Amino acid sequence: MNSDSQKIGQRAEAKRTSWRRVWQFVRPYRWALLVAVLGVTLDAAVQGAFALLLQHILDDVFGRHDPFYIRVIPWAIVVLFLLRGIGNYVGTYGVNWVGRRVIMDIRDRVFRKYLSLPAHFFDSHPAANLMARMTFDIEQMALGVSRTVIVIARDFLTIVFLLGVMFYQSVQLTLIVFAIVPLVAWIIAYVNKRFRQISHRIQQSVSGVSEVVEEVVRGQKEVRIYGGQAEELERFERINNDNRRFNLKIASIQAASSSLVQFLAACALAVIIYFATRPAYIDQITPGAFMSFISAMLALIPPLKRLSDISSTVQRTLAAADSVFYVLDQPSEQDTGDKAVPETALDLRFHGVSLDYPDGTRALHEVDLEVPAGSVVALVGQSGSGKSSLVSLVPRFYDPTEGQVTINGTDLRDYRLDSLRNRMAYVGQNVVLFNDTVANNIAYGSAEKYSREAIREAARKANALAFIEALPNGFDTPIGENGARLSGGQRQRLAIARAILKDAPILILDEATSALDTRSERAIQEALHKVMKNRTTLVVAHRLSTIENADKVVVFERGRIVEEGSHQALLARGGLYAQLHALQHARNDVSPMPNKGNQAT
Ligand code: ADP
Ligand code: MG
């Protein structure tokens, strides 16, 4: 019991916190919001004024034929509704103006967050989910706030003004209304809720006509071959009939509900008329005043209804807000280092590095590896052995769980992230291209820095020039979303051109040529060899022939280094590497790495 009330308390506290955070986004536009609230105030005031005016229309225009009112009332109506129109416009537009501003601001914040979140966040959150937060949830949150503000302000004020009119016309009748209306409202709410429950239950029990039809359409061959027509028809007719009956039941409940509600409202009205017409009272109120009172009372119903519904809007708004704040609360990438990576040749080392992914997979076990400045180290091993994991530590996509990675003896975490990443080029397993032109994709991130000549030269080295020039607009051809118009091999060549253009001292190639056929690969290979020269290079090779010139070959198995040495030395040793090599050569050097199944250990 105690812990329950505690939990409720915590939830209420969490709600307040969410509102406060939502308000932080609205706060800069509070003056615009105030104008909007003034607009809806005008709107609400006119509703009250019109109810008052009714009294004069009935008593003075049609009752006494008073020339002043006869002249003034038509104008008064026109002016009042002009004011109401203006108020409504200012209120609705103002609230949307604020809402749209807030949406833009929050989207900006979330987008910045997405740019700064670490890789493991994206591993555990599907892209579709992150997209939904950006589009749907933010919209829901900001418009929910606007809606809440306008409903609360306008409807609350409308109720206040209408009650004012009622009190003005008759205090006694208003008190009677106060006595009976809550009772009637409670009955109506209860009846509506019960009816909704019943029709919901019926709706659930209606097994869909479409389900049966879909089954028959999908299984039409089976139905025919096994002679299921009669059986299916019987089943369908039963469901078709059930469907009709259930839906009719729902219609009957709904109709009964609205009849009952009307009846109850009429009873309430009858009670009020009964009291208004008691002999002691009937002379105190004119027909106009009575109509004015009744019309104010009836006009109360829609705003009351909206106010009572507001809690579901608030709930949805808060749920959406929490989903947005969840993203904003994620820690960004750790960037606490303050050193700049030196301009000299860079020496890369892994000291007893282990890596656990957040899901618990241990991808690397105490790996020690040296990549001396200017040398090429090739990583080989079957898929899943940890090669990509190792190279992803260098740009600090992940940080090691144990051990450290150093450049020139300094832990990577002591360098500034931008300085570190600026000094390396990376071609990953999955080439990602942007919805832009070929040239801008090659020069991605610093398009204004490179001349067209330099871009062209990089493309030439990456063996991409021929296909680029065959495109309708050459380097200026848009390549569509994620390069949809290019083949796998063409995409890889663009990625390689990108890396060549960056001309960084550390080069990481993770199966950068896997989608190329043997001939294109040979053609780039030479260029890559030239590019690797005098650079600190880690290359994950999927065809062994591509790494015969590496200074050192490292063989991975289940996250550990099992062999290390030059190509020749490893061949001579006759171990795992020699076996992989023999297998590939038997396949004429075109197949990818063998998988575990055909590999002797
Ligand atoms: P390789 O590049 O040699 O094929 P990886 O380094 O990609 O191997 O994978 C090594 C191990 O780590 C595999 O068991 C793989 O399932 C796991 N792994 C890779 N990336 C992730 C990740 N983002 N989250 C969880 N586990 C991962
Ligand atoms: Mg890999």
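Remember, it's 1-based here, ligands and their atoms both numbered in the order they're listed. Since we're looking at a predicted model, the values are computed, not measured.
Ranking protein heavy atoms by distance to atom 19 (C) of ligand 1, first place goes to Y357 CE1, 3.5 Å. Atom 7 (O) of ligand 1 has as its closest protein heavy atom S388 CB, 3.6 Å.
Applying the side chain to side chain contact (heavy atoms under 4.5 Å, CB included) rule to H120 yields the partners P118, D123, P358, Y398; only residues at least two apart in sequence or on another chain are considered.
No side-chain heavy atom of Y114 sits less than 4.5 Å from a side-chain heavy atom of R109. Between V145 and V98 the shortest side-chain heavy-atom distance does not fall below 4.5 Å.
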Verify side chain to side chain donor-acceptor pair (under 3.5 Å) between N96 and R100, making sure each step is shown before the conclusion. CA-CA 6 Å; N96 276 288; R100 286 287 147 199; 5.4 Å; no
Working note: D322 + S18, criterion side chain to side chain donor-acceptor pair (under 3.5 Å); need CA distance, chi angles, decisive distance, verdict. CA-CA 7 Å; D322 285 342; S18 296; 2.9 Å; yes
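Contact atoms of ligand 1 toward A363: 11 (C), 12 (O) (distance under 4.0 Å to a heavy atom of the residue). Atoms of ligand 1 lying under 4.0 Å from any heavy atom of D123, numbered from 1 in the order shown and given with element: 22 (C), 23 (N). Close contacts between ligand 1 and S389 involve ligand atoms 5 (P), 6 (O), 9 (O), 10 (C) [criterion: under 4.0 Å to a heavy atom]. For ligand 1, the atoms lying closer than 4.0 Å to a non-hydrogen atom of D359 are 25 (C), 26 (N).
Between S383 and ligand 1, a contact under 3.5 Å exists for no N or O pair.
When non-hydrogen atoms are compared, ligand 1 lies under 4.0 Å from the side chain of Y398 (C-beta onward) but not from its backbone.
In this structure, atom 15 (C) of ligand 1 has no protein heavy-atom contact shorter than 4.0 Å.
Relative to atom 11 (C) of ligand 1, the option among A119, S392, G384 with the closest non-hydrogen atom is G384.
Looking at T437 and D476, their side chains never bring a donor and an acceptor atom within 3.5 Å of each other.
Centred on the Mg ion (ligand 2), the angle running from Q429 (NE2) to S388 (OG) is recorded as 120°, rounding to 10°.
In this pair, Y326 and H125 present their aromatic rings tilted. The plane angle is within the 30 to 60° band. The aromatic rings of H567 and Y577 sit perpendicular, their planes meeting at an angle over 60°, well past the 30° parallel limit.
Heavy atoms of S385 approach ligand 1 to within less than 4.0 angstrom.
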